[in-house]
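Residues: numbered from 1 along the sequence shown.
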Amino acid sequence: MERALMSDPMSKLTDDILVDIISRVPYKSTCCCKCVSTRWRDFFSHPDHRKKLPQPLAGFFYHGYNRDRFPKIARYFTNASGEGDPLVDPSLSFLPRYSSLEILDCCNGLLLCRCWKLTDPKTLDYVVCNPATEKWVVVPATDWSSKVGVARLGFEPAVSSHFHVFEFIDEKAWVIDESELNDWTGSLEAVATYSSKSGVWTHPIAVSTTVSIPTHSKGVFLNSIMHLAAFDDMVATFDVQGNLQSMIDTPDLPYDSPVNDVFVSRGQLYFTGITRSEFGPSLSVWVLEDYNLGEWTLKHTVSHFALFGTNYSACNYKVISFHPERDMIFVVYGEENTLMSYEMDCRKRHIIRQLGQDCQLEDISEEEKTPFIPYGPLYTESLADGT
């Protein structure tokens, strides 16, 4: 027995230490760890341990609109598997009561919500919450919050237990005379950031470069940098103090289309767009291989006909997410807003479910679209502000 312990140093580690180590490992690697030994297999299957380990993509929050019902706007959650009851209550009923609530962003298991107060519907709070544990914390609003269209959340639990909120203040929210407005609608004027560690907002950092960010541009927080797709075929990056770090050119596309989002998977940035191929219009996927040089590498191309059975245009579908640990994308397409997954390695498509006509896709002639917010649970008991 003593010889066995000496040959297997991992056997000396307690379960608590193992949980702490493995909780910092990517989900795909934890799946491989189950095969190490009988002890490790039982370790991963234990419900108390499983709550603390990395989780895959659970599903998506989204809104539906129907003028003939009340309320006209409703919030939903659909499982990424397409099976069973929704894993999350989309009403977030554990939160304090507000006049209205909007989910703005999700980052590594935490949600950023904009909540309009019952006492004064013109004022609001930001609320950062964890649906898996029903923990939440209020982030005070700034002087610009009620006018800001784009606010995003940054959180990397493997790096820090603290989160950051970013407010992207455009020229209209900045209260500039209309005669001085830039030709770019909603040109960014300043960025304010909130740190849960300090508990205060920074003084807004002025943005000297002309950049305009769509209202529903997805935020990607990677290596303590916030990335957002911007107009003019760029990705804008900001540090946690609100400084504009760089503007990364996205791949050239032959078709005019709405601003395409950036995504993160396995620690790398990805970009999708419509290209031409010998089989007609196609969906192409690039990965940012050289971050410093801003060089994108084409990873995959699939024709619209192979993907959908018809040659859809950009207005007929939307890539809404990448799987965090697999070569898989999620797409919503068609009149019934069908949710589908597509595995790039084996070129396999899987219909998950129809979301219905109430769930509207982005249209090239419309300013607004229904955002789909991917969510994976975080079973950490304490929220990132230390409460």
Side-chain angles (χ1 to χ4, degrees), residues 51-52 55 57-63 75 77 87-118 123-146 148-169 191-202 204 215-222 224-228 238-242 264 324 371-387:
K51 286 184 176 182
K52 301 176 183 178
Q55 304 295 317
L57 178 67
F60 305 92
F61 289 97
Y62 65 97
H63 285 83
R75 184 166 55 250
F77 183 88
L87 296 172
V88 182
D89 175 7
S91 71
L92 304 179
S93 57
F94 62 90
L95 292 179
R97 189 181 175 193
Y98 284 92
S99 174
S100 63
L101 182 151
E102 178 186 5
I103 300 175
L104 299 177
D105 197 12
C106 178
C107 189
N108 291 312
L110 299 185
L111 299 182
L112 173 65
C113 304
R114 180 161 49 199
C115 306
W116 299 91
K117 296 181 179 180
L118 284 168
T123 61
L124 62 87
D125 290 325
Y126 288 116
V127 173
V128 175
C129 67
N130 185 341
T133 62
E134 299 191 349
K135 303 290 185 180
W136 54 272
V137 63
V138 173
V139 174
T142 68
D143 293 339
W144 302 273
S145 296
S146 61
V148 165
V150 182
R152 295 295 177 262
L153 178 66
F155 175 55
E156 290 179 297
V159 176
S160 171
S161 62
H162 295 282
F163 64 80
H164 302 270
V165 178
F166 295 74
E167 271 195 341
F168 298 93
I169 309 168
V191 179
T193 59
Y194 174 91
S195 166
S196 65
K197 184 175 183 179
S198 65
V200 296
W201 287 89
T202 62
T215 302
H216 294 303
S217 180
K218 290 185 182 297
V220 172
F221 192 66
L222 180 63
S224 299
I225 298 293
M226 179 60 70
H227 306 73
L228 297 106
F238 302 85
D239 64 21
V240 294
Q241 284 77 42
V264 64
F372 295 85
I373 300 178
Y375 168 77
L378 174 70
Y379 291 104
T380 298
E381 287 301 321
S382 61
L383 196 55
D385 70 335
T387 61

Report task. Could you grab the distance from atom CG of Leu112 to atom CD1 of Ile103, nearest 0.5 Å is fine? Result -> 10.0 Å

Query - Heavy-atom side-chain proximity of Thr123 to Trp116 below 4.5 angstrom - result: no

Report task. Please check if any side-chain donor atom of Asn130 sits under 3.5 Å from a side-chain acceptor atom of Tyr379, or the reverse. Result -> no

Query raised in the report: Quick one: salt bridge (charged side-chain N to carboxylate O under 4.0 Å, His left out) pairs with a partner in residues 89-110, sequence neighbours left out?
Result: Glu102-Arg114

Query raised in the report: Does a side-chain heavy-atom distance below 4.5 Å link Pro131 with Leu111?
Result: yes

Query raised in the report: Run the side chain to side chain contact (heavy atoms under 4.5 Å, CB included) check on Glu156 and Ser224 step by step: do they pass?
Result: CA-CA 8 Å; Glu156 290 179 297; Ser224 299; 3.5 Å; yes

Requested in this report: Indicate yes or no: at least one non-hydrogen side-chain atom of Tyr194 is less than 4.5 angstrom from one of Pro140.
Outcome: yes

Query - Side-chain heavy-atom pair Val139, Asp125 within 4.5 angstrom cut-off - result: no

Report task. Decide yes or no on side chain to side chain contact (heavy atoms under 4.5 Å, CB included) for His227 and Leu222, but give the supporting numbers first. Result -> CA-CA 8 Å; His227 306 73; Leu222 180 63; 4.0 Å; yes

Query raised in the report: Are side-chain heavy atoms of Thr193 and Val240 found at a separation under 4.5 Å?
Result: no

Requested in this report: Test Met226 against Phe168 for side chain to side chain contact (heavy atoms under 4.5 Å, CB included), laying out the working first.
Outcome: CA-CA 11 Å; Met226 179 60 70; Phe168 298 93; 4.1 Å; yes

Requested in this report: Please answer whether the main-chain N or O of Arg75 pairs with a side-chain N or O of His63 as donor and acceptor at a distance below 3.5 Å.
Outcome: no

**Report entry** Rounded distance [0.5 Å steps], CZ in Phe155 versus SG in Cys107
**Finding:** 8.0 Å

Query raised in the report: Heavy-atom distance under 4.5 Å between the side chains of Leu228 and Val150, does that happen here?
Result: yes

Query raised in the report: Of all residues at least two apart in sequence or in a different chain, which pass the ring-ring contact (aromatic ring centres under 6.0 Å, His included) check with Phe61?
Result: Phe77, Tyr375

Query raised in the report: Is a side-chain donor-acceptor pair under 3.5 Å present for His162 with Ser196?
Result: yes

**Report entry** Non-hydrogen side-chain atoms of Leu101 and Leu95 separated by less than 4.5 Å
**Finding:** yes

Requested in this report: Find out whether Leu153 and Val128 are in side-chain contact, i.e. whether some heavy atom of one side chain is under 4.5 Å from a heavy atom of the other.
Outcome: yes

Query raised in the report: Who are the side-chain hydrogen bond (donor to acceptor under 3.5 Å, both in side chains) partners of Asp143, not counting sequence neighbours?
Result: none

Requested in this report: Output the distance between atom SG (Cys106) and atom CG (Leu378), rounded to the nearest 0.5 Å.
Outcome: 9.5 Å

Report task. Measure the CZ-OG1 distance between Phe94 and Thr133 for me, rounded to the nearest 0.5 Å. Result -> 7.5 Å

Query raised in the report: Can you check whether Lys197's main-chain N or O pairs, donor with acceptor, with Ser195's side chain at less than 3.5 Å?
Result: yes

Requested in this report: Please answer whether the main-chain N or O of Ile373 pairs with a side-chain N or O of Lys218 as donor and acceptor at a distance below 3.5 Å.
Outcome: no

Query raised in the report: Is Arg152 reaching over with its side chain to a backbone N or O of His164, donor-acceptor style, under 3.5 angstrom?
Result: no

Report summary line: Rounded to the nearest 0.5 Å, the SG atom of Cys115 sits from the OH atom of Tyr126 at a distance of 10.5 Å

Query raised in the report: Distance from Cys113 atom SG to Leu124 atom CG, nearest 0.5 Å?
Result: 12.0 Å

Query raised in the report: Are Glu167 and Thr142 linked by a side-chain donor-acceptor pair shorter than 3.5 Å?
Result: yes

